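Structure first, then comments.
Nothing here was measured: the structure is a model prediction, and the numbers come from that model.
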Amino acid sequence: MTLIEELRQDFEGLENKENAQKMAAYMRNQFEFYGIKTPQRNQMFKPYLKRLKETNKIDWDLLKEMWNQPQREWQYFVCHVIKELRSNLRAADINQQLQYFIVTKSWWDTIDSLDKIIGNIEYPSDEVNQIMEEWSVADNLWMRRIAIDHQLLRKEKMNEVLLTRILNNNLGQTDFFIRKAMGWILRDYSKTNPSFVQAYLDKYQTKLAPLTIREASKYLKKDEKK
């Protein structure tokens, strides 16, 4: 029995059609689901992730075959595998391999599980920085979202120059997910450098969406908002 056959057997054994309908509805009925909730799903993943980690190798063809299965839990598993084997990732993998998982079966749930992984590849890396700046003007909105939020949780290690360039590349964007991502990265960094975030909001307030400003301002003190 192949690994995919084993996984399918376990997925089907845990299938819950009532949960599946609710989960599909939550994702705007874009994907099918087995209906396995996160705690149970993560428990099921553990032995498989352990086996794959022991190989210390990413089998991209296998991951793509899994990714192309119809139920959303397969995509969640692939994201877990990539996270588990992230030490094997190189800058060249971003465009050559990871981009596939960004632009196919795309939605916020998988995108937001991959952004920080991509941001930490070979960190610090001028090559990754360049790729993220290029992605920040991509036609694909999910590539842009990855670029905007790839520095989440950087704290004192935030590359402010790169952040500013990427944000500026997305001023005037009308897509909800882009505006939200811009607010998230600024909100996150405001915990470390509130003066930088406030200065950015002040400088570009006429070009920033109200959603972005609202998200970015959440942790700013009243005196900093003046």
Counting only heavy atoms not in E54, do more than 12 sit closer than 6.0 Å to its CD atom? yes

Please say yes or no: joined through hydrophobic side-chain contacts below 4.5 Å, possibly via intermediate residues, are W184 and I111 part of one cluster? no

With distance as the sole criterion, is a donor-acceptor pair present between the side chains of S190 and R187 under 3.5 Å? no

Please determine whether side-chain contact (heavy atoms from CB on, under 4.5 Å) holds for the pair L167 and L186, giving the CA-CA distance in whole Å, both sets of side-chain angles, and the decisive distance to 0.1 Å. CA-CA 9 Å; L167 291 174; L186 287 168; 3.7 Å; yes

Should we say atom NZ of K203 is surrounded by more than 12 heavy atoms from elsewhere, each under 6.0 Å from it? no

Provide the closest heavy-atom pair for S113 versus T110 in the form atom of the first, atom of the second, distance. OG-O, 2.7 Å

Just by modelled atom types, is the I94 backbone N or O under 3.5 Å from a matching donor or acceptor in the Q99 side chain? no

Do the numbers put R72 on top of the ring of F31, so that NZ or CZ is under 6.0 Å from the six-membered ring centre and no more than 45° off the axis? yes

Can you tell me how the ring of F77 sits relative to the ring of Y48, calling it parallel under 30°, perpendicular over 60° and tilted otherwise? perpendicular

With sequence neighbours left out, what residues match K83 under side chain to side chain contact (heavy atoms under 4.5 Å, CB included)? R86, I117

For the residue pair H80 and N42, confirm or rule out a side-chain donor-acceptor distance under 3.5 Å. yes

Quick one: does L52's side chain get under 4.5 Å of I58's, heavy atoms only? no

Can you tell me how the ring of Y34 sits relative to the ring of F11, calling it parallel under 30°, perpendicular over 60° and tilted otherwise? parallel

Distance-only donor-acceptor check, side chains Y123 and N129, under 3.5 Å: no

So, do V81 and L62 sit near enough that their side-chain heavy atoms are less than 4.5 Å apart? no

Would you check if L98 and W60 make a side-chain contact, meaning some heavy-atom pair closer than 4.5 Å? yes

Q151 and L162: which non-hydrogen atoms are nearest, and at how many Å? NE2-CD2, 4.0 Å

Pairwise side-chain contact, D10 with E5, heavy-atom cut-off 4.5 Å (strictly under): no

Check whether S217 reaches the backbone of L220 with its side chain - one donor and one acceptor, N or O, closer than 3.5 Å. no

Does E127 form a salt bridge (Lys or Arg N to Asp or Glu O under 4.0 Å) with R90? I'd like the steps, not just the answer. CA-CA 10 Å; E127 185 177 356; R90 298 294 177 263; over 6 Å; no

E73 side-chain N/O to I36 backbone N/O, donor-acceptor pair under 3.5 Å: yes

In terms of hydrophobic clustering (I, L, V, M, F, W, Y; side-chain heavy atoms under 4.5 Å; direct or indirect links), are F176 and I102 co-clustered? yes

Is it true that the side chains of Y204 and N168 contain a donor and an acceptor less than 3.5 Å apart? yes

Please check if W108 and F101 belong to a single hydrophobic cluster, counting links between Ile, Leu, Val, Met, Phe, Trp and Tyr side chain heavy atoms closer than 4.5 Å. yes

Are M44 and L7 close enough that some pair of their side-chain heavy atoms sits under 4.5 Å apart? yes

At their closest point, which heavy atom of M158 faces which heavy atom of I185, and how far apart are they? CE-CD1, 4.0 Å

Mind checking the CE-CD spacing from M66 to Q75? Nearest 0.5 Å is all I need. 12.0 Å

Do Q21 and K17 make a side-chain contact, defined as non-hydrogen atoms from C-beta onward lying under 4.5 Å apart? no

Any residue meeting side chain to side chain contact (heavy atoms under 4.5 Å, CB included) with Q130, in chain and number order, not counting sequence neighbours: E134

Look at the side chain of D93 and the backbone N and O of L89, then say whether any donor-acceptor pair between them is shorter than 3.5 Å. no

How close do M132 and I146 get, heavy atom to heavy atom, and via which atoms? SD-CG2, 4.0 Å

Heavy-atom side-chain contact between C79 and W67 under 4.5 Å: yes

Is it the case that Y189 and E160 place a side-chain donor and acceptor less than 3.5 Å from each other? yes

Residue pair N170 / I166: nearest heavy atoms and the distance that separates them: ND2-O, 2.9 Å

Give, for atom CG of L49 and atom NZ of K53, the distance between the pair rounded to the nearest 0.5 Å. 9.5 Å

Which of parallel (below 30°), tilted (30 to 60°) and perpendicular (above 60°) describes W142 and F177? tilted

Yes or no on side-chain contact (heavy atoms from CB on, under 4.5 Å) for I118 and I131, after CA distance, side-chain angles and deciding distance? CA-CA 10 Å; I118 289 176; I131 293 170; over 6 Å; no

Please lay out, stage by stage, how R145 and D112 fare under the test salt bridge (Lys or Arg N to Asp or Glu O under 4.0 Å). CA-CA 9 Å; R145 185 173 167 99; D112 291 355; 2.8 Å; yes

For the CE atom of M23 and the CD atom of E18, what is their distance to the nearest 0.5 Å? 12.5 Å

Just checking, any donor-acceptor pair under 3.5 angstrom between side chains of W135 and N140? no

Are D188 and Y219 linked by a side-chain donor-acceptor pair shorter than 3.5 Å? no

Between the side chains of D139 and R144, is the shortest nitrogen-to-carboxylate-oxygen separation below 4.0 Å, so that they form an ion pair? no

Main-chain N/O of L208 paired with T212 side-chain donor or acceptor, under 3.5 Å: no

CG-CD1 distance between L201 and I213, expressed to the nearest 0.5 angstrom: 6.5 Å

State the NZ-OG1 distance between K157 and T192, to the nearest 0.5 angstrom. 12.0 Å

Testing the basics here: between N169 and S136, what is the closest heavy-atom pair and its distance to 0.1 Å? ND2-OG, 2.9 Å

Apply side-chain contact (heavy atoms from CB on, under 4.5 Å) to the pair D61 and D59, showing each step before the final yes or no. CA-CA 6 Å; D61 289 335; D59 186 336; 3.7 Å; yes

Common cluster, Y26/Y76, ILVMFWY with side-chain heavy-atom separation under 4.5 Å: yes

Given the rule in the side-chain contact (heavy atoms from CB on, under 4.5 Å) test, do N88 and K57 qualify, once you have shown the distances and angles that lead to the verdict? CA-CA 7 Å; N88 293 276; K57 178 183 177 182; 5.8 Å; no

Side-chain contact test, heavy atoms from C-beta onward, threshold under 4.5 Å: evaluate it for Q198 versus D202 and give yes or no. yes

In terms of hydrophobic clusters joined by side-chain contacts under 4.5 Å, are L3 and L63 together? yes

